[in-house]
Structure formats: structure tokens, C-alpha cells
J.: 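Quick one: structure below, then a few questions.
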Number of protein chains: 2
Amino acid sequence: MKQSLTPLPSAARPPVRVVLVEDKPGVRDSWVKLINSLPGFSCIQSCTSGEDALRVIPPLNPDVVLMDIFLPRMSGIECTARLKLQLPKIQILILTAVEDDELVFMALEAGADGYLLKRTKPEDLKAAMLDVLGGGAPMTSEIARRVVESFRRAARQTKSTVHLTTREEEVLILLSKGYANKEIADQLSISAETVGSHLKHIYEKMHVRSRAEAVARYMTSRA
Amino acid sequence: MKQSLTPLPSAARPPVRVVLVEDKPGVRDSWVKLINSLPGFSCIQSCTSGEDALRVIPPLNPDVVLMDIFLPRMSGIECTARLKLQLPKIQILILTAVEDDELVFMALEAGADGYLLKRTKPEDLKAAMLDVLGGGAPMTSEIARRVVESFRRAARQTKSTVHLTTREEEVLILLSKGYANKEIADQLSISAETVGSHLKHIYEKMHVRSRAEAVARYMTSRA
DNA sequence: GCCTCTATCCCCCAAACACGGGATGCTCCG
DNA sequence: CGGAGCATCCCGTGTTTGGGGGATAGAGGC
């Protein structure tokens with residue numbers, strides 16, 4: 001992920017105020033040290049739990065929150081979602097050792113602004129924090145690729161359609177409006193049995209067993 | 001019309017073979033020069049149109065394609081989609097002056113692997129090409145952010161307009177997967193009658209008369 | 001304590017549906 | 001011409017559903 005403009009943190013301007021959320025004491029301490037060692041950055045607080053974070057972060061209103069995912073009781077994802085509710089403009093970077101697609105997506109959905117791996121090098125962490133402050137969405141190349149692919153998948157299923165005849169498609173459209181067979185029959189001026197027949201074929205082609213499933217499929221495959 | 005360029009005399013490993021697709025001669029020439037000036041990269045061909053690209057790129061099978069979006073007749077997006085059909089593994093970077101959300105998304109859906117702005121600095125272009133070859137999805141910070149936001153928008157919005165209880169929503173979700181009452185009952189470990197009961201309430205709240213209609217409503221209300 | 005909301009379970013019955021068989025035309029294509 | 005594909009109709013059987021009518025029990029607000 002590239003970053004563009006990045007105002008150099010000079011001694012003149014106040015440091016970027018960072019809060020860390022991480023439950024393991026050892027890890028927390030070393031991250032605090034690392035952050036404070038970055039010129040222009042100051043770790044003004046560290047939280048040991050999601051509850052703690054929700055309590056102390058809003059009044060502090062820091063520039064960036066570095067959030068671990070695995071926290072006791074409330075996950076970092078949950079915590080992210082809640083923080084974003086209160087402070088929509090706060091920048092939250094997920095910082096975790098685990099690179100799991102589901103977690104990444106859940107975190108992004110929850111409102112995380114970036115997703116970094118803990119093995120990220122100090123200079124990359126710094127770059128990522130500047131990036132996120134500049135409106136970027138920093139993440140590793142692999143994660144970016146997966147997000148894009150997921151994005152693509154979501155968009156593509158949109159088009160994957162089985163070949164239905166025009167009549168079948170008409171029936172399916174009316175089906176998806178919630179009409180009963182008889183109503184569909186009336187609207188198409190055919191008999192209810194014929195509608196049933198078309199339905200049978202539609203079910204076969206779409207590999208579904210009920211009108212509800214057919215509707216669901218039809219709707220997602222063209223959202 | 002196209003122009004062939006001699007590959008750079010390389011060091012140990014062969015240079016990255018790049019093909020440029022760009023219709024404007026002036027822009028094209030300067031990009032060719034730029035690419036060839038990057039150590040380890042060679043612009044082995046440049047195409048002036050999508051049709052041209054579809055003809056010459058498959059046999060060449062380059063490492064990276066740099067694609068302009070605005071091409072006469074066939075857009076760079078269309079061209080990207082077709083190239084990806086033939087050469088799924090080819091890496092295509094969209095390189096354009098215009099930073100339009102719709103275009104970005106269309107390009108990514110079409111299979112583009114990255115999206116760069118023309119004002120990208122030479123070293124960033126180089127980094128992006130290496131990134132994409134390494135499995136990344138290079139794009140500018142702002143674009144990454146928008147992709148993530150779009151991703152978020154698409155994924156979120158599980159909330160419906162009507163207030164359903166959590167149980168009701170669970171039932172509705174399973175309903176929209178096409179399950180029968182009994183199956184839903186099994187999955188929720190409740191009785192089929194209870195499912196029917198929830199369904200009745202859902203129908204009342206959503207003002208529908210059938211599961212198909214409920215599913216249709218549910219799906220559209222979160223598109 | 002009372003009341004509302006929620007979730008759970010139950011009964012009944014007419015109507016709708018799923019799904020297995022067909023059958024008849026009609027058109028298009030090789 | 002023969003066949004494939006489509007749309008239309010029919011029948012029969014067993015299952016599912018929608019829409020009535022309740023009842024009970026817990027949680028939470030007032």
C-alpha cells in the first residue's frame with residue numbers, strides 16, 4: 001500500500017497522540033516503547049482491555065488507536081465498532097499477529113481504518129500511522145489483495161446467473177416480489193400449473209429447493 | 001500502430017516485461033521512456049487501443065500491463081476484463097489521471113490488480129509494479145480507503161428498517177437461505193411451532209404475506 | 001407489584017406448495 | 001425430416017405454509 005503526502009513530523013508541531021490497546025503486559029510495554037521511540041509520536045495511554053479502552057479513549061480523543069484483536073471478554077473488533085460509534089473520526093489501526101481473512105474483514109466492517117501485522121517493521125508502523133492520518137487505509141500487500149479480491153467476488157456474484165428462459169425469468173421476478181403461484185399465473189395469463197412447472201425448472205437450474213431460496217439467490221445474484 | 005523497443009541490457013535476472021496501453025502518442029512515449037528508465041524494467045511493447053492490446057498482449061504474455069482507462073471504442077476496463085479472461089495470471093495496473101470511485105470499482109471488478117494515478121512518482125510506479133508482482137494490490141492511499149469503505153458499506157447494513165428482535169432476525173436470516181421451518185427450528189434448537197410463531201410476527205412487522213416476500217424485502221433492505 | 005416485551009410452545013385447518021409423473025404444440029436448426 | 005428446446009397444460013400425493021386461536025415464563029421498566 002502506497003502512501004502519498006505525509007507532513008513531516010517536526011519538533012515544531014505537537015506529536016501524534018497514540019493510544020495502545022493490548023492486554024498482554026510484555027507486548028504492551030514493548031509497543032509503548034516502540035511508539036515513543038518514533039519521532040513525532042507519543043503513546044499517551046495504554047489500555048489492557050476493551051472496556052478500559054471504551055472508558056479512557058473518548059475523553060482523551062487521541063489521533064490514532066492501535067488495537068489488538070484478541071482481548072479478553074470484548075474483542076478488539078467489538079471495541080473498534082463501539083469506539084467508532086462514539087468517535088467516528090478516530091483512526092483505528094488493527095495490529096495483530098494473526099492474518100485471518102475473516103478477522104480482517106470483520107475488523108474493516110467494524111470500522112477499522114487499517115490492518116497491520118505485528119511483525120511490521122517500526123518504520124512501516126510509523127508510515128502506516130501517518131498514512132491513516134492522511135486518509136489512507138494502510139494494510140499489507142497481501143491483505144490489500146484479499147480485500148480487493150473479496151470486493152471483486154462480491155461484485156462478480158452479481159453477474160453469475162444460470163441461463164433461464166425468458167418465461168422462467170419472468171416467473172422468478174414475480175416470485176421475488178412475493179407473489180403466489182396463482183397470482184403469478186394471473187399476471188402472466190397462464191395457468192397456475194404452468195407456473196408450477198416453470199418453478200420446477202427454475203429450481204432445477206438454480207439448485208434450490210424452495211421459492212424462498214430461489215428468491216434469495218436471485219436477489220444476491222443481481223444486487 | 002505499435003512500436004517495439006529493445007529490452008534493456010539486464011544484469012543477472014531478466015527485466016520485468018511491461019506492456020503499456022495508452023492511446024495518446026505523447027503520453028505513451030513519455031511513459032515508455034519512463035518505464036525503460038527504471039532499472040530492471042523493460043517496456044517491450046506499447047498498444048494504442050484496446051483491440052490492439054487484445055491482439056498483441058496474449059502472445060507476448062508480459063509480466064505487467066499498464067492500462068489507461070480512457071481508450072477509444074473499447075475502454076481500458078473492458079480491455080482489462082477480456083485480457084484477464086485469456087490470461088488470468090497477468091498483472092494489470094490501471095494508470096489514469098482520473099480518480100473516480102465508479103471507475104476504480106469497475107476496474108477492480110473487471111480484474112485490475114492495482115489502480116495508480118498518472119501523477120505517481122517514478123519510484124512509486126516501480127514500487128507498485130514490484131508490489132503487484134509480489135501479490136499486492138497497489139493503489140494510492142485515498143483509493144485504498146475508498147475501496148475499504150465501499151467494502152464496508154456493502155458488508156454492513158444488516159440493519160433493517162423495521163425493528164425485529166434478535167430471534168426474529170435470526171429466523172429471517174435462515175429463511176433467506178431457503179431453509180424450511182423445521183430446518184430453521186433444528187438450527188436454532190427450538191420447535192418448528194416457535195419458528196412459525198416468529199414468522200407470524202415477522203410477517204406482521206414487515207407487512208408481508210409469504211416467506212418469499214419477506215426474503216425479497218430483507219434482501220433489498222440491505223442491498 | 002403490574003405491565004410490556006420477548007421467547008417459547010401448542011392446536012387446528014384450509015390453502016399453497018414441491019415434485020413425481022406425463023402430454024401437446026410450436027419454432028428453430030442442421 | 002427429426003430432434004432439441006421452450007411454453008403450455010394436467011394429475012396426484014404428501015408436505016409445508018399461513019393465519020387464527022391461545023398459554024407460560026423470564027427480564028426489565030415504572
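Naming: A, B, ... by sequence-line order, numbering from 1 per chain. These numbers were taken from a predicted model, which means no experiment stands behind them.
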J.: Counting neighbours of NZ on K182(A) that are heavy atoms of other residues, nucleotides or ligands and sit closer than 6.0 Å, is the number greater than 12?
T.: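 Atom NZ in K182(A) is not crowded, with 12 or fewer foreign heavy atoms closer than 6.0 Å.
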J.: Find the distance E183(A):CD to dA15(C):C1' and express it as a whole number of Å.
T.: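 Between C1' of dA15(C) and CD of E183(A): 13 Å.
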J.: Calculate, to the nearest 0.5 Å, the distance between atoms CD and CZ belonging to E213(A) and R209(A) respectively.
T.: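 So the CD of E213(A) and the CZ of R209(A) are separated by 5.0 Å.
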J.: Which of the following nucleotides, dA18(C), dT8(D), dA7(C), is nearest to the side chain of R167(B)?
T.: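 Of the candidates, dA7(C) comes closest.
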J.: Nearest to the side chain of I190(A), heavy atoms from C-beta on, is which of dT8(D), dC9(C), dG18(D)?
T.: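 Nucleotide nearest to I190(A)'s side chain: dT8(D).
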J.: Would you say T194(A) reaches dC6(D)'s phosphate, i.e. side-chain N/O to OP1/OP2 under 4.0 Å?
T.: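 The answer is no; no side-chain N or O of T194(A) sits under 4.0 Å from OP1 or OP2.
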J.: Kindly say whether, by distance alone, the side chain of S191(B) makes a donor-acceptor pair under 3.5 Å with the base of dC9(C)?
T.: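 Donor-acceptor pair under 3.5 Å: no.
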J.: Within the pair T166(B) and dA7(C), is there a side-chain N or O less than 4.0 Å away from OP1 or OP2?
T.: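 Looking at the OP1 and OP2 atoms of dA7(C), one of them is under 4.0 Å from a side-chain N or O of T166(B).
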J.: For the base of dG20(C), is there a side-chain donor-acceptor partner from K200(A) under 3.5 Å away?
T.: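 Result: at least one qualifying N/O pair found.
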J.: Strictly below 4.0 Å: does R211(A) bring a side-chain N or O up to OP1 or OP2 of dC17(C)?
T.: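 Affirmative; the distance criterion is met.
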J.: Side chains of S197(A) and T194(A): donor-acceptor distance under 3.5 Å anywhere?
T.: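 No, no side-chain donor-acceptor contact under 3.5 Å.
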J.: Tell me: CD of E193(A) to P of dA18(C), nearest whole Å?
T.: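 It is 14 Å, rounded to the nearest whole Å.
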J.: Nearest to the side chain of E168(B), heavy atoms from C-beta on, is which of dA7(C), dC17(C), dC6(D)?
T.: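 Nearest to the side chain of E168(B) among the choices is dA7(C).
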J.: From OH of Y179(B) over to C1' of dC17(C), roughly how many Å is that when rounded to an integer?
T.: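 For the pair Y179(B) OH and dC17(C) C1', the rounded distance is 20 Å.
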J.: For H198(A) and dG5(D), give me the distance from atom NE2 to atom P, rounded to whole Å.
T.: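 The distance from NE2 of H198(A) to P of dG5(D) comes to 17 Å, rounded to the nearest Å.
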J.: Do L83(A) and T80(A) have side-chain heavy atoms sitting under 4.5 Å apart?
T.: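 Of all side-chain heavy-atom pairs linking T80(A) with L83(A), none is under 4.5 Å.
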J.: Hey, are K24(B) and E22(B) close enough for a salt bridge, meaning a charged N less than 4.0 Å from a carboxylate O?
T.: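 So K24(B) pairs with E22(B) through a salt bridge.
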J.: Within this structure, what is the CD-to-C1' distance between E213(A) and dT16(D), rounded to whole angstrom?
T.: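 Value for this atom pair: 15 Å.
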J.: Of S197(B) and Y203(B), whose nearest nucleotide on DNA chain D comes first from the 5' end?
T.: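 Per heavy-atom nearest nucleotide, the more 5' residue is Y203(B).
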J.: Calculate the interatomic distance between K182(A) atom NZ and dA18(C) atom P; express it in whole Å.
T.: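 Answer to the nearest Å: 17 Å.
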J.: Please state how far atom CG in L174(A) lies from atom P in dC17(C), giving the value in whole angstrom units.
T.: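 To the nearest whole Å, that distance equals 13 Å.
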J.: Just the rounded figure in Å: distance from P of dC10(C) to CG of N181(B).
T.: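 In whole Å, dC10(C) P and N181(B) CG are 15 Å from each other.
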